[in-house]
Every structure is written in structure tokens, then in C-alpha cells.
Amino acid sequence: MSKSKIKVEGEKQTEERIRADRTDELYKDIKEGETLMTIDKLRVVYVTDDSETVAVDDFTLDVKKGELVSIVGPSGCGKTTVLRCIAGLLQPTSGKVMIGDKECNAPGSDRGMVFQDFALFPWRTVKQNVKFGMEIAKVPKEECEERAMRYIKAVGLEKFADSRIHELSGGMKQRVGIARAMVMHPAVILMDEPFGALDAQTRNIMQEQLNKIITHSERTIIFVTHSVDEALYLSDRVVVLTKRPSTIYKVIDVPWERPRDRASPEFTALRKRILEYLEMQNVMED
């Protein structure tokens, strides 16, 4: 595929960059397994008229290219706050987020977001939703069509490409959201409780679907979840947070190959250890 270029608003007319739908190309010199993203001493303080609340404090983490990192923690500890800072939707009080040598201080096409509430356009079909970002990036029509169908097929929705959003189940809508994020080839995909609103059976199906995508691509994913089981099943590493002010308690390397056996003694023992810690954090007095 040729590296079509687009002009960047505000830059000198002589400067160009990789077009918005292929920002992964900006980091092609970073090999899989090397550090792609650095989150350095992130701190977020919410200020009201008469009080200050430290939501996140000294959050520091390196994310490797091609890995899936899950973030788990006590309820309300600030997991989504961290994700919103990475996405550029929230400015941290201090600290910074870097992808390669670029600081992420605003939203950008190098980060794709998958929301819990789908955030789809109801008046568009499945295919039209998946194509939306590419249309904004002015991807040629033929390429736009081919890529949209390739990712729709990857999430198992090729028979529903021309269906309206209201005709889909919750799990199918979330698959559209995943395809829409991945088709843009962002450097990092951010997932905020993407399966949290689904029933147990559909959630397991979606986990399997994501497992297949991970296995056949070099996608770098940061995944926020309340489910320790889900985190251990999907992730290369699990970041366990403390209660507020939230910081990293422990980073756990998940040693098993995919697919994983949730019923294995090792899986069960590690899940139990993490759950015991989270339960202790949730019941402790402030």
C-alpha cells in the first residue's frame, strides 16, 4: 500500500506526514516487543470550589508494541481517568504520555478509542460506520471499501454489512466499534470496558473474537476492565491499581499462551490473588 500523504492544518505547506488512517506507519521502526508508549508520573487532581481530589498519582508505565495491557482496580479508582489522559481527552495535572518521541497532549489519530456505549451513528449502516474515519481522512473509495469489508469480516459481521445499527444486538454493535477503531490503523487502541454492558455469553464470544484479532495482528491495546477473569484471559500484562489516589500496586506478567484455560489451577490461583487484593482495597476505610 502506498503511503499517501495529507497536509496538516497549521503546519508549513512544505511539511507532510503519513495520512491520518495509517498512523501506525509513524512507528514502523519500533519493533514488536520494544517500548511504544511511555506514561511518566501521571497525576490528576480534580479541583472544585472548596476541595481537591487526587484521582491518580505517580502512574508510570511502559507499553510495548504488540501487547495487550489490561488495567484493573477497585471501583472508582481512576482507571477511565488514566485512559482519558492517554486519549488526550483529559489533561493531566502533571506528568506526560509519549508515543515514540511524540507527546500526547490532545486527541489524535494515533490513538483509537472503543467505548462501552458503542458510540455508533444510528442512521448509518455497519459498513458506513466502519468507513466513517477513512472518509474523513479522504482514503480513496476503492481502498476504503476493501478495508471496511476486511475488518467487518474480521469481526464476523460480513452478513450484516448493510444492516442499520438498530437491527443489531449489543455484541454486534460492539464488534462494529472494534472494527471502526482498527480499520484506521492507529498506533494504540484504547478500550474502556468494551464488554461491560454485555451478557455473560456474549461477553465470552467477544473475548474470543478479540483473541483472534490479537493473534493475527501486531495491535497494541490498553484495555480497562472490572473483570479480573477477562484481564487474565486476554492480556500479556495486567496492571493492578490501588484505591484513590490511584497508583500502580503491581504489574503482573501473564505467562500463558493463547488460548487460555480459565479452569486451570494456575489461572484460578492468580485470579484469586488479585481478587483478594481488590476486595481488601474496596473495604478499607479512607
Chemist: With salt bridge (Lys or Arg N to Asp or Glu O under 4.0 Å) as the criterion, how do Lys212 and Glu208 come out once you've worked through the C-alpha distance, each side chain's angles and the decisive distance to 0.1 Å?
Modeler: CA-CA 6 Å; Lys212 290 177 182 177; Glu208 292 297 339; over 6 Å; no
Chemist: Does the pair Glu145 and Lys141 meet the rule for a salt bridge (Lys or Arg N to Asp or Glu O under 4.0 Å), with working shown?
Modeler: CA-CA 6 Å; Glu145 179 77 13; Lys141 287 184 179 181; over 6 Å; no
Chemist: Look at atom CD of Glu142 and say whether more than 12 heavy atoms of other residues, nucleotides or ligands are closer to it than 6.0 Å.
Modeler: no
Chemist: Has the side chain of Ser264 got a donor or acceptor atom that lies under 3.5 Å from a matching backbone atom of Asp261?
Modeler: yes
Chemist: Quick check for you: to the nearest 0.5 Å, what is the distance between Leu120 atom CG and Ile165 atom CD1?
Modeler: 4.5 Å
Chemist: Table please: side-chain donor-acceptor pairs of residues 92-106 below 3.5 Å, with sequence neighbours left out.
Modeler:
from, atom 1, to, atom 2, distance (Å)
Thr93, OG1, Val45, N, 2.8
Lys102, NZ, Asp110, OD2, 2.9

Chemist: Which atom pair, heavy atoms only, marks the closest approach of Val114 to Ala181?
Modeler: CG2-CB, 3.7 Å
Chemist: To the nearest 0.5 Å, tell me how far Trp123 CH2 sits from His166 NE2.
Modeler: 14.5 Å
Chemist: Does Arg124 pair with Glu135 as a salt bridge, N-O distance under 4.0 Å?
Modeler: yes
Chemist: Do Arg180's NZ or CZ and the ring of Phe132 fall within the cation-pi criteria of under 6.0 Å and 45°?
Modeler: no
Chemist: Flag the pair Lys64 / Leu36 as yes when at least one side-chain heavy-atom distance between them is below 4.5 Å, and no otherwise.
Modeler: no
Chemist: How long is the span from the CZ atom in Arg84 to the NZ atom in Lys79, to the nearest 0.5 Å?
Modeler: 14.5 Å
Chemist: Below 4.0 angstrom, N of the basic side chain to O of the carboxylate: do Lys41 and Asp58 qualify?
Modeler: no
Chemist: Supply the atom-to-atom distance Thr225 OG1 to Gln207 CD, rounded to the nearest 0.5 angstrom.
Modeler: 8.0 Å
Chemist: Quick check on the hydrophobic clustering: are Met182 and Met149 connected, directly or via other members, by side-chain heavy-atom contacts under 4.5 Å?
Modeler: yes
Chemist: Name the orientation class of the two ring planes belonging to Tyr277 and Tyr249 (parallel below 30°, tilted from 30 to 60°, perpendicular beyond 60°).
Modeler: parallel
Chemist: Just checking Glu257: does its CD atom have more than 12 heavy atoms from other residues, nucleotides or ligands closer to it than 6.0 angstrom?
Modeler: no
Chemist: Assess the side chains of Thr81 and Tyr46: does a donor N or O sit below 3.5 Å from an acceptor N or O?
Modeler: yes
Chemist: Going by atom types alone, do Tyr27 and Glu34 pair a side-chain donor with an acceptor below 3.5 Å?
Modeler: no
Chemist: Please report the C-alpha distance between Ile39 and Ile86 in whole Å, then the side-chain angles of each, then the deciding distance to 0.1 Å, and finally whether the side chain to side chain contact (heavy atoms under 4.5 Å, CB included) criterion is met.
Modeler: CA-CA 8 Å; Ile39 306 166; Ile86 297 170; 3.6 Å; yes
Chemist: Taking a hydrophobic cluster as the set of Ile, Leu, Val, Met, Phe, Trp and Tyr residues connected by side-chain heavy atoms closer than 4.5 Å, whether directly or through intermediates, do Phe121 and Met113 fall within one such cluster?
Modeler: no
Chemist: Let me check something: do Leu190 and Leu26 share a hydrophobic cluster, defined by ILVMFWY side-chain heavy atoms less than 4.5 Å apart, either directly or through other members?
Modeler: yes
Chemist: Looking only at the aromatic ring of each residue, does the gap between the centers of His226 and Phe195 stay below 6.0 angstrom?
Modeler: no
Chemist: Will you find, in the side chains of Asn211 and Arg258, an N or O donor that is under 3.5 Å from an N or O acceptor?
Modeler: yes
Chemist: Using a distance-only test with no angle check, is there a side-chain donor-acceptor pair under 3.5 angstrom linking Asp162 and Thr125?
Modeler: no
